[in-house]
Amino acid sequence: MDRVVSLLVRPVREVVTGAGPHAVLFDMDGLLIDSERVWLEVESEVMAWLGGEWSPAHQERLVGGSLYLAVDYMLELTGADAPREEVGRRMLDGMVERLGACVPMMPGAKELLAEVRAAGVTAALVSSSHRRLIEPVLDAVGREHFALSVAGDEVARTKPHPEPYLTAAARLGADPARCVVLEDSPNGVAAAEAAGCVTVAVPGLLPIPPAPGRTVVASLREVDLERLRSLVA
């Protein structure tokens, strides 16, 4: 049995039952933390090292994607003869350094996390970012808010594939259809909906249109636990 399948069959707790959401699954970049501007700084620095230029338009092509999707795009743009692993390492090092100094939270994120935890509702962090980036964020935001976290380098297929959210739900012993996912990117929304989760979109850099079964809000300040419960009632 491979690593991914074993993750899917080993829940970290008993199967969740009862009314309301079985779990609330949070994206990280652009949803809980205001990291897209930090990514832009790091990507610009790495692109300059490769001999090219970077812009917000380039960044928008990669929102919600994996690290090595960005690396491959940079190498394609520049034609630089640089090892893929070295470019990825520079990206991670730059982000870890900045997030180690400051983790800027998005409006309403602290309040929603605190409300979910106070009510005893299970929460998880599900990100396309690598584990190295998730760790300083968990330290800053508070590990106590999350029963578990799933990183992009811990699954075989990251967003927009549903595997990250299916993995989180399985490990929590939760029915994906009774999990509420909060996402800011089209890739993340696609992953959540493909997993069969109830989805709340908080669009960041890219627009996310309304759709059947999808709730779109302007900010996490518009979301509270009562609203999340109503979506799975």
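On a predicted model such as this, the values are computed, not experimentally measured, just so you know.
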E45 (side chain) donor-acceptor with V42 (main chain) under 3.5 angstrom = no
salt_bridge(R90, E85) N-O dist < 4.0 Å = no
Any side-chain heavy-atom pair from L125 and V141 closer than 4.5 angstrom?
-> no
Using atom types as modelled, flag every donor-acceptor pair under 3.5 Å from a side chain in residues 194-219 to any protein atom, sequence neighbours excluded.
unit_1, atom_1, unit_2, atom_2, d
T199, OG1, C197, O, 3.2
R214, NE, E193, OE2, 2.8
R214, NH1, P209, O, 2.6
R214, NH2, E193, OE1, 3.0
R214, NH2, E193, OE2, 3.4
S219, OG, R221, N, 3.0

Take F26 and L113 through the test side chain to side chain contact (heavy atoms under 4.5 Å, CB included) and record every step on the way to the result.
-> CA-CA 9 Å; F26 292 89; L113 285 170; 3.7 Å; yes
Check: E36 main-chain N/O paired with Q59 side-chain donor or acceptor under 3.5 Å | yes
Using atom types as modelled and distance alone, determine if a side-chain donor or acceptor of S35 lies under 3.5 Å from a backbone N or O of V38.
-> no
So, the side chain of R131 versus the backbone of D153: is there a donor-acceptor pair under 3.5 Å, distance only?
-> no
Parallel, tilted or perpendicular for Y68 and H130, by the 30°/60° rule?
-> tilted
Straight-line distance of M105 CE to L220 CG, nearest 0.5 Å = 9.0 Å
R227 side chain to E222 main-chain N or O, any donor-acceptor pair under 3.5 Å?
-> yes
Which pair of non-hydrogen atoms, one from A124 and one from F146, has the smallest distance, and what is that distance?
-> C-CD2, 3.7 Å
If we only count heavy atoms from C-beta on, is the L25 to L172 side-chain gap below 4.5 Å?
-> yes
Can you name the nearest heavy-atom pair linking G88 to L67, along with the distance?
-> O-CD2, 4.1 Å
Decide yes or no for D29 and W39: does some side-chain heavy atom of the first lie under 4.5 Å from some side-chain heavy atom of the second?
-> yes
Output all residues satisfying salt bridge (charged side-chain N to carboxylate O under 4.0 Å, His left out) with R84, sequence neighbours left out; order by chain, then residue number.
-> D72
Distance (rounded to the nearest 0.5 Å) between L50 CG and L77 CG | 10.0 Å
The residue among L112, V189, V126, D27 that forms side chain to side chain contact (heavy atoms under 4.5 Å, CB included) with L182 is L112
Shortest non-hydrogen contact between T122 and A147, atoms and distance | CG2-CB, 3.8 Å
Shortest non-hydrogen contact from R229 toward A119 | NH2-CB, 3.9 Å
Out of curiosity, does L31 fall in the hydrophobic cluster containing V150 (side-chain heavy atoms, cut-off under 4.5 Å, transitive links)?
-> no
Output yes when a side-chain donor or acceptor of R132 lies under 3.5 Å from a complementary backbone atom of V96, and no otherwise.
-> no
Going by heavy atoms in the side chains, are E53 and M47 under 4.5 Å from each other?
-> no
Is any side-chain heavy atom of P104 closer than 4.5 Å to a side-chain heavy atom of R37?
-> yes
Check for a donor-acceptor pair, side chain of R98 on one end and backbone N or O of G94 on the other, with a separation under 3.5 Å.
-> yes
Shortest non-hydrogen contact between S129 and I134, atoms and distance = O-CD1, 3.9 Å
Would a hydrophobic clustering, with Ile, Leu, Val, Met, Phe, Trp and Tyr connected at side-chain separations under 4.5 Å, put V223 with M106?
-> no
Using modelled atom types only, decide if a donor and an acceptor are shared between the side chain of E115 and the backbone of L225 within a distance under 3.5 Å.
-> yes
Are any non-hydrogen side-chain atoms of N187 and V63 less than 4.5 angstrom apart?
-> no
Could you please spell out the steps behind the side chain to side chain contact (heavy atoms under 4.5 Å, CB included) verdict for M74 and W49?
-> CA-CA 11 Å; M74 289 176 164; W49 175 73; over 6 Å; no
Closest non-hydrogen contact found for S128 with T158 is OG-OG1, 3.2 Å
